[in-house]
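Okay, structure first, notes after.
The shown structure was predicted, so the numbers you read here are calculated from the model rather than taken from an experiment.
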Amino acid sequence: MAAGTLHVVATPIGNLDDLSPRAVASLRAVAAICCEDTRHSRPLLTRYGIDKPLIALHEHNEDAIAARLVERLLAGEDLALVSDAGTPLVSDPGYRLVRAARDAGVRVSPVPGACAAIAALSVAGLPSDRFCFEGFLPAKPAARRARLTELASEPRTLVIYESSHRIEEMLADARVAFGAARRAALARELTKLFETVLDGDLAMLHERVCNDADQRRGEFVLIVAGVGDAVDAKLIEGRRLYAKLSEHLPPSQAAKLAAELSGAPRKDLYGG
Ligand code: SAM
């Protein structure tokens with residue numbers, strides 16, 4: 001018997017009309033749909049008159065049930081994989097199931113659609129010919145700052161996911177790591193009622209979010225320009241030197257020396 005196909009189906013990131021006709025047809029045709037949270041996916045499916053068995057597949061059980069799902073695919077059943085929103089596997093579960101299906105020689109076919117990263121990039125007005133998807137940064141402050149410091153010299157545009165709980169502190173850390181003047185755009189609640197896209201430099205975005213509680217609500221994608229120009233490069237080098245020198249010298253001397261060596265303004269080396 002021929003094996004079935006695993007259809008990896010993108011679903012909307014807010015506006016339920018963003019489900020493609022092909023996605024609807026695929027979901028109607030399969031034997032069962034794997035989803036992160038059955039309570040979350042049911043309303044979308046009901047809206048499109050799709051009544052199929054749902055199988056919960058999330059980060060805590062994916063390893064355990066992937067083998068059983070592959071058996072069903074090998075037995076000839078077609079299955080679909082969706083996540084709560086957007087494209088499965090993009091900061092969402094599904095990687096282990098897709099890996100297991102491919103290892104078993106099962107056909108895995110995409111039904112593309114919404115993805116918050118791509119939607120944000122498409123409206124940010126920042127270079128998008130090359131970009132670097134970082135997804136969620138580490139939740140712990142020290143690890144997040146270390147990651148941002150590493151990313152400060154990345155020449156490609158950066159795409160970062162964030163939730164409302166940490167948006168303020170993440171922007172504060174990004175402002176320090178990349179410098180207040182780095183260009184960025186903050187896309188919030190894309191395709192939903194309160195969609196906003198702020199763009200400017202990181203200082204301006206941070207201040208907007210600090211000063212306006214509405215701008216801290218919802219789901220966010222931060223797009224940060226890569227370290228493009230000479231000013232940025234000087235600042236990054238100045239900060240690197242300051243961090244090293246301040247291990248051995250008082251802060252004011254370390255900043256003075258780092259500013260002289262790098263050409264960056266001394267006042268910017270403390271992180272403002
Ligand atoms: N798989 C999804 C995709 O394709 O974009 C991402 C899932 S991830 C668990 C959820 C994160 O995506 C949110 O915390 C937020 O950073 C981003 N996100 C999802 N929907 C969004 C929206 N409507 N507007 C802005 N960001 C969104």
Side-chain angles (χ1 to χ4, degrees), residues 1-14 16 18-42 44-45 48 50-122 128-139 147 151 154 156-161 190 219 221:
M1 179 187 289
T5 296
L6 175 63
H7 299 271
V8 181
V9 182
T11 56
I13 56 168
L16 296 189
D18 289 340
L19 190 70
S20 75
R22 195 162 85 84
V24 174
S26 301
L27 294 171
R28 283 201 180 126
V30 293
I33 300 168
C34 307
C35 58
E36 279 182 84
D37 181 345
T38 54
R39 284 164 309 176
H40 185 99
S41 295
R42 184 74 70 193
L44 175 73
L45 298 172
Y48 285 93
I50 299 163
D51 183 18
K52 294 283 170 178
L54 300 184
I55 302 166
L57 178 136
H58 41 74
E59 55 174 330
H60 304 296
N61 75 350
E62 188 175 347
D63 269 334
I65 69 165
R68 240 183 313 130
L69 294 170
V70 170
E71 271 170 31
R72 288 181 66 168
L73 288 157
L74 287 172
E77 281 189 309
D78 288 333
L79 299 177
L81 169 68
V82 299
S83 58
D84 279 354
T87 301
L89 279 79
V90 178
S91 295
D92 266 339
Y95 156 71
R96 291 182 187 83
L97 173 61
V98 170
R99 182 71 267 155
R102 300 197 76 84
D103 286 347
V106 167
R107 180 166 173 253
V108 184
S109 179
V111 183
C115 173
I118 302 299
L121 206 52
S122 74
S128 50
D129 44 350
R130 295 164 77 218
F131 62 89
C132 184
F133 177 68
E134 275 297 313
F136 290 102
L137 297 173
R147 176 75 56 82
L151 293 172
E154 169 59 57
R156 292 168 294 181
T157 295
L158 291 159
V159 182
I160 296 170
Y161 280 171
L190 292 172
E219 299 189 283
V221 183

Set of side-chain contact (heavy atoms from CB on, under 4.5 Å) partners for Ser128, sequence neighbours left out: Leu121

I want to check something: taking the side chain as every heavy atom from C-beta on, are Ile160 and Val221 in contact at a cut-off of under 4.5 Å? no

Shortest non-hydrogen contact between Pro12 and Ala114, atoms and distance: CA-CB, 4.2 Å

Looking at every non-hydrogen atom in both residues, tell me the closest pair between Leu57 and Cys34 and how far apart they are. CB-CB, 4.2 Å

Using the side chain to side chain contact (heavy atoms under 4.5 Å, CB included) rule, take Leu137 and Leu151 through it: C-alpha gap first, then chi angles, then the decisive distance, then the call. CA-CA 11 Å; Leu137 297 173; Leu151 293 172; 4.3 Å; yes

Can you list every side chain to side chain donor-acceptor pair (under 3.5 Å) pair that touches residues 60-70, not counting sequence neighbours? Asp63-Arg96

Closer than 3.5 angstrom, by distance alone: can the side chain of Arg22 be matched with the main-chain N or O of Pro112 as a donor-acceptor pair? no

Where is the tightest heavy-atom contact between Glu36 and Ala56, given as atom of each residue plus distance? O-CB, 4.4 Å

Side-chain touch Val98/Val8, heavy atoms, less than 4.5 angstrom: yes

Does Lys52 reach the main-chain N or O of Arg28 with its side chain, forming a donor-acceptor pair under 3.5 Å? yes

Among Leu54, Ile33, Ile55, find the one that has a side chain to side chain contact (heavy atoms under 4.5 Å, CB included) with Thr38. Leu54

Any residue meeting salt bridge (charged side-chain N to carboxylate O under 4.0 Å, His left out) with Glu134, in chain and number order, not counting sequence neighbours: Arg147

As an exercise, state the distance from OG of Ser26 to CG of Leu79, rounded to the nearest 0.5 Å. 12.5 Å

Step-by-step side chain to side chain contact (heavy atoms under 4.5 Å, CB included) determination, Leu158 to Phe131: CA-CA 6 Å; Leu158 291 159; Phe131 62 89; over 6 Å; no

Applied to residues 103-120, the salt bridge (charged side-chain N to carboxylate O under 4.0 Å, His left out) test, sequence neighbours excluded, yields Arg99-Asp103

I need the Arg42 CZ to Cys35 SG distance, nearest 0.5 Å. 7.5 Å

Under the side chain to side chain contact (heavy atoms under 4.5 Å, CB included) criterion, do Thr11 and Val82 qualify, and how do the steps go? CA-CA 7 Å; Thr11 56; Val82 299; 3.8 Å; yes

Side-chain heavy-atom pair Val106, Thr5 within 4.5 angstrom cut-off: no

Would you say that Leu45 contacts Asp51 through its side chain, given a criterion of any heavy-atom pair below 4.5 Å between the two side chains? no

Side-chain heavy-atom pair Leu44, Leu16 within 4.5 angstrom cut-off: yes

Val70 to Ala101 - nearest heavy-atom pair and separation: CG2-N, 3.8 Å

Not counting sequence neighbours, list each pair that qualifies as a side chain to side chain donor-acceptor pair (under 3.5 Å) and has a residue in residues 74-89. Arg72-Glu77, Ser83-Asp92

Set of side-chain hydrogen bond (donor to acceptor under 3.5 Å, both in side chains) partners for Glu71, sequence neighbours left out: none

Under the rule for ring pair (Phe, Tyr, Trp, His ring centres under 6.0 Å), what residues qualify as partners of Phe133, not counting sequence neighbours? Tyr161

Looking at Phe136, I want to see if its CZ is surrounded by more than 12 non-hydrogen atoms of other residues, nucleotides or ligands under 6.0 Å. yes

Under the rule for side-chain hydrogen bond (donor to acceptor under 3.5 Å, both in side chains), what residues qualify as partners of Arg39, not counting sequence neighbours? Asp37

Please find the pair of heavy atoms, one from Gly94 and one from Leu81, that lie closest to each other, and give the distance. CA-CD2, 3.8 Å

So which atom in Ala23 and which in Ala10 form the shortest heavy-atom distance, rounded to 0.1 Å? CB-O, 4.3 Å

Partner residues of Glu59 under the side-chain hydrogen bond (donor to acceptor under 3.5 Å, both in side chains) criterion, sequence neighbours left out: none

At what distance, to the nearest 0.5 angstrom, does CG of Asp129 lie from OG1 of Thr157? 7.5 Å

